[in-house]
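Here is the structure we will look at.
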Amino acid sequence: MFLRNQWYIAAWTHEIGRALLKRRIAGEPIVFYRTEAGRAVAFEDRCPHRHAPLSMGIIVGDKLECGYHGIQFDPDGICVHIPGAESIPKGACVRSYKLIEKWGWAWIWLGDAERADEDLLPQDFRWAAEPGWQNLGDTLNVKAHYQLLVDNLLDLSHEAFLHTKTIGNRAVADVPCKTSLHRDHVRVTRVMYNCAPPPLFVKARGFTTNIDRHQDITFAPPCYVHIDVKAIPAGTNDLSNALQWHVLNALTPETEGSTHYFWALPRFFSQGDPEMDKMLHGAIIKTFNEDFEMLEAQQELLKDRSLDHRTIATAADAGPTRARGIVQRLMREEEAATTH
Amino acid sequence: MFLRNQWYIAAWTHEIGRALLKRRIAGEPIVFYRTEAGRAVAFEDRCPHRHAPLSMGIIVGDKLECGYHGIQFDPDGICVHIPGAESIPKGACVRSYKLIEKWGWAWIWLGDAERADEDLLPQDFRWAAEPGWQNLGDTLNVKAHYQLLVDNLLDLSHEAFLHTKTIGNRAVADVPCKTSLHRDHVRVTRVMYNCAPPPLFVKARGFTTNIDRHQDITFAPPCYVHIDVKAIPAGTNDLSNALQWHVLNALTPETEGSTHYFWALPRFFSQGDPEMDKMLHGAIIKTFNEDFEMLEAQQELLKDRSLDHRTIATAADAGPTRARGIVQRLMREEEAATTH
Amino acid sequence: MFLRNQWYIAAWTHEIGRALLKRRIAGEPIVFYRTEAGRAVAFEDRCPHRHAPLSMGIIVGDKLECGYHGIQFDPDGICVHIPGAESIPKGACVRSYKLIEKWGWAWIWLGDAERADEDLLPQDFRWAAEPGWQNLGDTLNVKAHYQLLVDNLLDLSHEAFLHTKTIGNRAVADVPCKTSLHRDHVRVTRVMYNCAPPPLFVKARGFTTNIDRHQDITFAPPCYVHIDVKAIPAGTNDLSNALQWHVLNALTPETEGSTHYFWALPRFFSQGDPEMDKMLHGAIIKTFNEDFEMLEAQQELLKDRSLDHRTIATAADAGPTRARGIVQRLMREEEAATTH
């Protein structure tokens with residue numbers, strides 16, 4: 001069960017083109033393509049005739065033709081051709097989804113199209129397209145429920161144990177975080193003064209002294225975690241030698257047990273430096289793989305438990321717990337709206 | 001759930017010999033062998049003592065000996081020896097199935113043995129042993145429900161899209177078929193006058209002109225589709241240069257998600273030509289593999305849907321729909337006969 | 001469902017050390033390690049904070065530290081450190097299991113700790129540490145329910161069919177066994193006078209004549225089978241040239257469909273002979289692999305049947321049937337003790 005009246009990142013805009021893209025989003029099989037004029041289109045990846053995946057078909061001009069019996073759909077999903085048939089049944093169509101492109105991503109709305117409102121996009125994700133910031137990003141897939149990823153990102157104390165070789169230092173675990181709980185978002189902040197810079201920070205910015213390290217994390221439902229990161233030579237306020245980046249994490253559910261992980265890392269230093277891009281891309285993938293090993297092990301152990309079962313809760317759990325609470329409240333609201 | 005009071009092809013006769021053959025038919029594990037005198041025998045592949053698969057045993061004369069504790073069964077399934085036991089419990093036996101051999105195949109009856117009647121065999125399958133016709137055939141396995149294969153064969157318009165490199169041409173999709181619906185069978189015919197011959201037809205018969213192409217398809221329950229094919233140089237009626245063959249398709253269910261595909265292709269031309277055999281065998285396998293990719297994708301998408309769910313039905317669906325209707329009626333009749 | 005108030009072999013003592021050992025016992029994920037002072041410890045392999053497997057953590061002195069958020073547990077399972085937290089919630093702990101080491105193995109008690117009594121260990125397993133007997137042993141894993149392995153070992157008539165190349169001869173099947181049924185154990189004996197020695201016996205002891213072969217098998221719940229084996233040159237009583245060994249089989253359930261097979265083979269001949277060790281180890285593994293192929297095929301066929309379903313029962317089934325009966329009675333007793 002996933003929230004439906006929400007925007008989910010479905011793809012990077014450059015992933016949708018004149019070849020069919022097949023991807024499952026929140027349990028639903030979906031096929032994506034782009035019209036000759038450049039409009040991005042999303043259909044249920046299932047021909048309404050005989051359940052053939054439309055992603056096994058071909059693009060004919062602006063239309064998608066099913067690879068099994070040649071039925072064609074226009075970019076609105078309307079059936080416009082059935083080979084050998086004299087007429088087309090009224091209302092014949094494939095389910096199409098509302099899709100908008102913004103900040104480098106294609107966002108899909110799975111629920112009621114009339115409620116799809118661009119203003120509901122998570123505004124923090126504008127950083128991926130902010131002038132003066134150099135972006136970097138990729139798509140990963142994790143065999144774990146997306147809420148386990150939200151938990152992971154809202155409690156960064158794990159960096160001290162899981163990521164010692166990249167972004168972790170003991171300070172992240174030892175300095176308590178501050179959590180502020182809001183009706184529709186959660187914010188977790190931690191400032192670590194005069195701590196040793198983690199290995200990746202040294203590589204990226206050449207720190208030779210201790211740093212003041214700032215983490216400012218915001219969760220927005222259903223699956224968005226924005227981390228505003230600053231590291232400044234300790235006690236200096238010298239932003240010109242600082243590390244400043246945003247980690248944008250869009251944790252689009254694929255199934256109940258897997259997640260598409262769209263991440264972006266817009267940075268304020270080393271603009272137009274492909275060597276830096278390459279180094280950071282590799283380091284981020286390495287770090288996430290450390291997370292994924294743990295997340296997939298959790299998912300495996302949670303097979304016969306509730307996702308919310310826990311017998312030890314720490315102070316750092318306040319953020320993740322509220323994030324789940326928000327999603328649960330929205331689920332109840334959606335359910336109520338559907339049944340009444 | 002499968003029909004039980006029906007003949008299913010279980011094997012080619014040459015597959016059953018003095019080595020044990022293990023095969024699941026309509027969900028049931030079955031073991032086959034042949035007695036010294038040549039009688040083909042089918043037992044449940046499960047020793048009634050401790051669930052050892054009898055297919056892991058050995059043939060001792062006419063008896064099958066379980067490989068675990070050495071219990072022996074005669075060709076009627078009667079237990080005739082238990083090592084170390086002084087006597088054999090009365091009635092001890094393994095379930096045996098009625099099996100007849102006809103037209104090159106072994107046919108099994110899973111239901112009430114007293115209702116097994118040779119006259120109920122699908123008579124169209126006699127073509128596999130018709131004098132003057134050169135047969136060819138094989139066994140394949142598809143990870144899809146057998147009714148998806150029936151659908152496929154009763155609506156050949158898909159040839160124009162899925163089989164463009166072998167047997168497809170646009171005419172198959174553009175010329176509407178004629179369907180005649182009967183209580184216990186379905187017939188779908190299509191005649192395409194003056195159309196381009198598909199690649200395989202050219203290879204087989206060297207057509208240099210357009211052809212008149214005839215397809216005459218008959219479904220008989222539970223899983224038999226016979227296609228009578230003729231292709232004649234357009235407007236000539238010249239049968240001596242025609243392509244004439246029958247495609248016999250026996251779609252024996254293996255499980256709810258897989259099918260044994262016994263196919264035969266008796267032809268009227270190029271008798272005794274091993275090169276033609278080889279070419280046709282290769283081309284048929286290639287064609288079926290194109291189908292299987294689609295069928296297995298359908299099966300995957302149907303995991304959480306009813307097999308009969310559909311929101312677009314075309315004129316060409318009349319045949320497949322009635323075929324399913326016949327099977328459903330027979331299922332209800334079997335169920336009623338069992339419960340009353 | 002497994003008995004819980006029972007000792008199960010969890011590991012060889014040498015398997016538990018200063019590296020974390022992860023093993024599922026009777027369905028429960030468990031992690032094992034040894035303190036600096038040498039005490040063997042067993043915890044549920046699941047951090048009570050967020051379901052991270054503790055086996056992905058590290059040992060810090062005598063404590064186990066979770067690899068995700070660094071929470072630490074002492075050897076009694078008490079939570080003693082939560083990074084970044086000012087205090088530890090009262091009662092915070094991971095489930096720990098009673099573990100004792102005896103005769104070379106670590107035995108785990110899954111149920112009520114206060115009922116764990118060392119006197120309940122299967123006393124026959126003392127042979128693994130008996131002075132004057134040379135032990136040999138290993139751990140295997142079989143994809144079959146442990147009761148299928150008990151069945152196998154209590155009815156050795158199968159040796160005549162499954163193990164013809166190692167320990168089988170026809171006599172095992174032809175000579176009836178004697179079974180004596182007790183409230184809490186089962187004994188099956190068979191003496192085969194003047195029979196041909198099986199291949200492995202000849203290899204081990206160089207028999208050149210027929211032998212008198214004795215098998216004395218005892219089952220103790222939940223999963224212990226002890227086989228006392230003697231083979232003496234026929235009619236001689238010459239124990240100095242005899243083969244004497246004990247086969248100790250501990251069939252610890254891993255899941256409903258798999259079993260850890262801890263076996264030991266203490267022998268009375270060829271002490272301190274590494275060539276004999278090597279030969280016997282290889283032969284035993286080979287023999288067990290013959291069993292496993294059959295056991296895993298049974299398990300597969302039993303997917304949709306009750307484990308107790310059977311339509312032929314032989315005289316040799318009296319032992320296995322009673323063994324299951326004892327386990328069932330104990331299950332009922334445990335259930336009654338839990339619910340009342």
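Here is how names work: the chains are called A, B, and so on, in the same order as the sequence lines, proteins then strands, and each is numbered from 1. Just so it is clear, the values below take in all heavy atoms, side chains as well, and ignore hydrogens, waters and symmetry mates.
Interface check for chain C: of the options A/L295, A/D291, A/T314, A/V172, the most heavy-atom pairs under 4.5 Å are formed by A/T314. Ranked by heavy-atom pairs under 4.5 Å with chain A, the list C/G84, C/G91, C/A85 is led by C/G84. Options C/R46, C/E86, C/E65, C/M56 differ in how many heavy-atom pairs under 4.5 Å they form with chain A, and the most are formed by C/R46. The candidate from C/G67, C/C66, C/C93, C/S87 with the greatest count of non-hydrogen atom pairs under 4.5 Å with chain A is C/G67.
Contact annotation for C/C79: only side-chain heavy atoms (C-beta onward) come within less than 4.5 Å of a heavy atom of chain A. Neither the backbone nor the side chain of A/A316 comes within contact range of chain C, judged by heavy atoms closer than 4.5 Å. Heavy-atom distances place no part of C/I58 under 4.5 Å from chain A, backbone and side chain included. With a 4.5 angstrom heavy-atom cutoff, A/E290 does not touch chain C via any of its atoms. Using a 4.5 Å cut-off between heavy atoms, C/P29 touches chain A through its side chain atoms alone.
Ring pair A/F201/A/F207 is tilted by interplanar angle, where 30° to 60° counts as tilted. In this structure, C/F2 and C/Y146 have tilted ring planes: the angle between them lies in the 30° to 60° band. Ring pair C/F292/C/Y261 is tilted by interplanar angle, where 30° to 60° counts as tilted.
A salt bridge links C/R34 with C/E101: at least one charged nitrogen is closer than 4.0 Å to a carboxylate oxygen. Ion pairing of C/R115 with C/E333 is absent here, as no side-chain N (NZ or NE/NH1/NH2) approaches a carboxylate O to less than 4.0 Å.
Residues A/N210 and A/P197 form a side-chain contact, since some pair of their non-hydrogen atoms from C-beta on lies under 4.5 Å apart.
Donor-acceptor pairing under 3.5 Å is recorded for the side chains of A/D317 and C/H49.
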